[in-house]
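Nothing fancy with the numbering, it's 1 onward along the sequence. Treat the numbers as computed from the prediction; the structure is a model and nothing was measured.
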Amino acid sequence: MYRRVVRMPEADEVSDLVARRLLDRLIELQDVQPIVHVCLTGGNAANAMYERFAELAEGSELDAAKLQLWWGDERFVPATDPDRNSLQAVSRLARTVSIKSADTHMMAAKDGRKDSHECAAEYEAELGGTHFDVTLLGVGEDGHVASIFPGHPSFEPTTRNVIGVTDAPKPPAERISLTIPALNRSTEMWVMATGPGKSEAIARALAGDERLPAAHVHGEVATYWYLDDEAAAGLPEQFRCGL
């Protein structure tokens, strides 16, 4: 499996680079296969990338009809809550990327629903055996990915592909998340992180500290870590790669 760390000086340069590479990669994949499955993430770095992606996609060769969008995790809040990862992503992408609602696989919102566990089972059924071409992830300061947190029941081994998460250490307390095996069911894994608060967790994850969920995620063929200088500050020299 190929792994590479790509480091840029500033956070906005990370957003621009990932947006450009993602657009190019999706167009490449669309040239050779009828459908492209992408698993999206939330967070500041991802949202900045979606903004830039929407700008670049306008007038490009991207065929939105060939895209299937999924999410790695979601906050179990009402559908109109601005904290929803899917709402944040779609509101940015939809400015220039016309994706049909049937091709946008959002996790259930809290409105009128029993709990996150019930909704996780529904999403697992919808996901089925889907294999992602590209999975996007962020990393928390504690080394969590999606809504899988270190030292938390969400990180315990399971045969499930999607789980309900309760008592999360980061608000909101209730969430829905793909498990690590489901996230890793992807040809390529793209991890984005910016800012000094992430540097320790990133250094530990890339060193193989198995106590962190971030250390367990990888693509089947390739894994890319896109970092700014602050997020990469704790890495040894062998990981300090440019473009």
Ion pair check, [X] and [Y], cut-off under 4.0 Å:
X    : Y    : value
D24  : R20  : no
E141 : K198 : no
E122 : R113 : yes
R75  : D81  : no

If you count every heavy atom of other residues, nucleotides or ligands that lies below 6.0 Å from [X] atom [atom1], does the total exceed 12?
X    : atom1 : result
R211 : CZ    : no
D115 : CG    : yes
Q33  : CD    : yes
E200 : CD    : no

Next item on the list: Please confirm whether H216 and F155 have ring centers closer than 6.0 angstrom.
Entry: yes
Between [atom1] on residue [X] and [atom2] on residue [Y], distance to nearest 0.5 Å:
X    : Y    : atom1 : atom2 : value
T194 : L227 : OG1   : CG    : 9.0 Å
E10  : D16  : CD    : CG    : 13.0 Å
D63  : L29  : CG    : CG    : 13.0 Å
L136 : C39  : CG    : SG    : 7.5 Å
S116 : M107 : OG    : CE    : 11.0 Å
R25  : Q30  : CZ    : CD    : 11.5 Å

Are [X] and [Y] in one and the same hydrophobic cluster, where Ile, Leu, Val, Met, Phe, Trp and Tyr link if side-chain heavy atoms are under 4.5 Å apart?
X    : Y    : value
I202 : M189 : yes
L87  : I99  : no
Y123 : V77  : no
V139 : L178 : yes

Next item on the list: Heavy atoms only: give me the nearest P78-A109 pair and the separation to one decimal.
Entry: C-CB, 3.9 Å
Notebook entry, point to check: If you look at every heavy atom in A205 and L212, which pair is closest and at what distance?
Noted result: N-CD1, 4.0 Å
Next item on the list: Show the numbers, then the answer: is there a side-chain contact (heavy atoms from CB on, under 4.5 Å) between W225 and L235?
Entry: CA-CA 12 Å; W225 287 71; L235 295 180; over 6 Å; no
Just wondering, do [Y] and [X] contact through their side chains at under 4.5 Å, heavy atoms?
X    : Y    : answer
H152 : P169 : yes
R92  : N47  : yes
T187 : H131 : yes
K66  : P34  : no
M192 : L137 : no

Next item on the list: Go through the steps for D73 and S177 under the test side chain to side chain donor-acceptor pair (under 3.5 Å), then give the verdict.
Entry: CA-CA 4 Å; D73 76 316; S177 183; 5.3 Å; no
Check: When you look at R160 and T158, which way does the side chain to side chain donor-acceptor pair (under 3.5 Å) test go after all the steps?
Finding: CA-CA 5 Å; R160 297 285 304 276; T158 178; 5.8 Å; no
Item checked: Flag, side chain of D228 to backbone of P9, donor-acceptor distance under 3.5 Å -> no
Next item on the list: Would you please test R185 and E220 for salt bridge (Lys or Arg N to Asp or Glu O under 4.0 Å) and show each step?
Entry: CA-CA 7 Å; R185 201 165 66 197; E220 294 172 353; over 6 Å; no
Next item on the list: Could you label the plane-to-plane angle of the H105 and W70 rings as parallel, tilted or perpendicular, counting under 30° as parallel and over 60° as perpendicular?
Entry: parallel
Notebook entry, point to check: Under the side chain to side chain donor-acceptor pair (under 3.5 Å) criterion, do W190 and E188 qualify, and how do the steps go?
Noted result: CA-CA 7 Å; W190 296 24; E188 298 178 12; 3.1 Å; yes
Next item on the list: Check step by step if side-chain contact (heavy atoms from CB on, under 4.5 Å) holds for M106 and V90.
Entry: CA-CA 10 Å; M106 298 182 185; V90 170; 3.6 Å; yes
